[in-house]
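Below, read A as the first sequence line, B as the second, and so on, with proteins coming before strands; counting in each chain starts at 1.
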Amino acid sequence: MMKMEKQILMGLNGDEAVAYAVKQVNPDVVAAYPITPQTIIVERFSEYVADGLVDTEFVAVESEHSALSSCVGAAAAGARAFTATAANGLALMWEITYIAASLRLPIVMAVANRALSGPINIHNDHSDSMGARDSGWIQIYCENSQEVYDACIEAWRIGEHPDVQLPVMVCLDGFTLSHTMENVLTLPDETVREFIGERRFITVKGHTGEAELRLNPEAPLTMGPLDLQDFYFEHKLQQVEAMKHALRVIPEVDAEYAEVSGRRYGVLHPYRMEDAEVALIGLGSTMGTVRHVVDTLRSEGVKAGLLKMRVFRPFPAEELIEAVGDVPVIGVLDKAASFGAPGGPLYEEVKTTFYDEADRPLIADYIYGLGGRDASPQLIRDIFRRLEEIRARGEVAEKVSFVGVRE
Amino acid sequence: MSDLTLREAAKKTDLLAPGHRLCAGCDESIIVRMVLKAVRGPTMVTAATGCLEVATTIFPYTAWRLPWIHSAFENAAATASGMEAAWRAMRRKGRGPLAKYETLDIVAFAGDGGTYDIGLQALSGALERGHDFTYVLLDNEAYMNTGIQRSGGTPHAAATTTSPAGHVIPGKREWKKPIDEIVIAHEIPYVATMSAAWPMDVMRKARSAFEAEGPAFLHAIVPCTRGWRYPSEKTIEISRLAVQTCIFPLWECRLEEGRPVYKLSAASAAIARRPESKKPVEEYLKLQGRFRHLFRPERRDDIIDSIQAWVDHRWQMLLEKAGF
Amino acid sequence: MSEQKPGWRELPRGAVPYKSTEEYETGDWGVEYPEIDRSRCTKCMLCHFYCPEGAIKVREDGYTEVDLRYCKGCGICAEECPVKCIKMVLKT
């Protein structure tokens, strides 16, 4: 049992918080390519390398595709591997995200969320990581730089857990978090290293007998074979199962992390939900704004609440049902559009989750902030006002609304 | 290199096991067997998507007796970069499962599609960064795994399913991309060409590639019975003719004091010394169904002559570079 | 080959193959197989190196031997034998 460590308060923006956490983790390989608004991560990390503060082999690749491909090679060879990207960079990696997950490689990747081209835009929304939601990666969305720092430490323990063995994506909103300086409590290096320990390997039965799942000259395995109709489906089911395990492992790791850091997040975080009559569910930095608005509304007599989803993959459906409880009206904040779909990606998960519940809330979707459009307190207030109207009317007139956009 | 005599090499267990499902007469497995007979010790292999990958690892079977990974089509060099970086980091730290290996031969196998075309960027990046690995280009001059489509490595006039010999266009219009020159321009320590007809030459070059500090590039001509349309027993004969006609000469190129220094290998050096022994390229072309339209229904001397001129020109440039 | 295939719980994670292709005999692919006339063999071993299957082993006595469990009958060995002591024979 570790004891709570004295922590150091640092002024870090989100990208720097990633870089600092990864420096403390001291992974074997970091392979990355610059892209706004992730670039500060690779810049800071390169400085750590240049100053000899890490043992990491920094591979300054020629594309994001090669960044993740190098991480696949490194992680398969038994290394801890990290990369970071955003928007088009993640899109360029798309092919390899699926491969990394299917090879069961616990790579950690920070995504400084940015709107996908086109037209080209450098600002924040979740279109990039939402596009990767079915790739088999665990996805953690952060509200502030502190969460970013903490997630970049927890991620290794989650992904490398023997029952999980999956890659982890730590999502931080571009600019809003990536470039905004905040106070971050940081653990001593030794505490971080002790917490994450050495990488562990699971044992599998390969063609030469029992072997650790890695490229080992003394116990060779074949990774990434041709897998056809008679086995591919079974292997996909193993990934499904691993995600189920992750839902159990994430809170376990989180609880252990709380013992050394005093900070605990869970898979989702309810705020003033117990007696709420209207509540918003969402991801990322906007949740800070929503919390502020909830407080204001409460002081005005409105029973508002907030449910922050920290983990989107695996999707914590049962926890969501429990956290919503008896709240009668739910608004979902989606910072990504799914063209031609019934609603935004989070909305669809939330509605699916409640479909089988006899007592389910009224649910409306609010798609906001695309391309970095400001999510102001006024916008959030307006959404709460609409939720109150729904509550008064007892039905959802407009299931999906695009808010903060000119008609 | 005392272990690299034919006799010693023949005793080694093949690192590619039998029972793989490459076509009868496939040259890829011949080259791969020879290359892997030259590894120095601990070895890891990555393969790009292609016949080799597909036919050797049909789940639940694998033919690889060493650690092997396939990730995707265009990223063999990037995957190898990560494997090498992992080893390098563990060596430096003195910790981690690879820390104990003083040498680790990291080999990437890729075809012409995965090298000339879709994988060129990853290859260039890996060469520029200087990773210590060996990239083996298995050049069967078309996308054979998807059914014989033309690539940047397909030779002029060859018929493929996307450059068919039609009534108007007689096969591929473009010329073969000079991949070796592109690679050599990256100023890497070792580049060589290989033909399976000369096993000792292949193994010796593979060993040189493994021993080179930094990236090494081995370019093997890999006749394909299905795509080149010839009987399966002719694989080695065509490999040999490629060299004897100088359409695919054998040489190696080392970086010495910042300059690429070419050296012709024995088979090609013999032709350089006795130019009259250079066979006409027609002898190579006429054995292959992909060039049949150059001979039937009527003989296309214009095209055959243009190919001969291309071969002569490239051969002359090589002779100059190799100091002949 | 009516063996029961394992379910997802039994299969090794990471989709790593659990059998060697040595268990997958390709010897029935071909219509011909090579016969070596050792009285003329010079033990040059070229057939060992040229075999795409790795099905031609060099024995202790220096002669080569074809493992017919894997030979696909491509005929390279017979074609390339410098003394023509290998001939392809039709399977009966």
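Atom CD1 of B:Ile236 and atom SG of C:Cys51 lie 10.5 Å apart (nearest 0.5 Å). With rounding to the nearest 0.5 angstrom, the OG atom of C:Ser20 is 11.0 Å from the NE2 atom of B:His20. Note: C:Lys43 NZ to B:Leu6 CG = 15.0 Å, rounded to the nearest 0.5 Å. For the atom pair NZ (C:Lys19) and CD1 (B:Ile58), the distance works out to 13.5 Å, reported to the nearest 0.5 Å.
Between C:Tyr18 and B:Phe59, the distance from one ring center to the other falls under 6.0 angstrom.
Note on B:Arg65 versus C:Glu22: salt bridge recorded, some NZ/NE/NH1/NH2 to OD/OE distance being below 4.0 Å.
Nearest heavy atoms, C:Leu46 versus B:Pro199: CD2-CG, 3.9 Å. Closest of all the heavy-atom pairs between B:Pro60 and C:Pro17 is O-CB, 3.3 Å. Shortest non-hydrogen contact noted between C:Cys74 and B:Ala24 is CB-C, 3.7 Å. Residues C:Val58 and B:Ala10 come closest through the heavy atom pair CG2-CB, 3.7 Å.
At most 12 heavy atoms of other shown residues, nucleotides or ligands fall within 6.0 angstrom of atom CZ in B:Arg7. With a 6.0 Å radius and a threshold of 12 heavy atoms from other residues, nucleotides or ligands, C:Lys57 has its NZ atom above the threshold.
With a threshold of 4.5 angstrom between heavy atoms, B:Ala196 approaches chain C through N, CA, C or O but not through any side-chain atom. For B:Glu28, no part lies under 4.5 angstrom from a heavy atom of chain C. With a 4.5 angstrom heavy-atom cutoff, B:Thr56 touches chain C only via backbone atoms. Contacts of C:Glu25 with chain B are absent, with no heavy-atom separation under 4.5 Å from either backbone or side chain. No part of B:Lys11 comes within reach of chain C, as not one of its non-hydrogen atoms sits under 4.5 angstrom from that chain. Within the 4.5 angstrom heavy-atom criterion, only side-chain atoms of B:Arg240, from C-beta onward, approach chain C. With a 4.5 Å cut-off on non-hydrogen atoms, C:Cys71 does not touch chain B at all.
Cation-pi check for B:Arg33 over C:Phe49 is not met; the charged atom does not lie both under 6.0 angstrom from the ring centroid and within 45 degrees of its normal.
Of the listed residues (B:Glu237, B:Arg21, B:Met34), the one with the most heavy-atom contacts under 4.5 Å to chain C is B:Arg21.
Without hydrogens or angle criteria, C:Tyr50 side chain to B:Ala197 main chain gives a donor-acceptor distance under 3.5 Å. Checked by atom type and distance alone, the side chain of C:Lys72 pairs as donor or acceptor with a backbone atom of B:Leu22 at under 3.5 Å. For the pair C:Thr21 (side chain) and B:Tyr61 (backbone), a donor-acceptor distance under 3.5 Å is absent.
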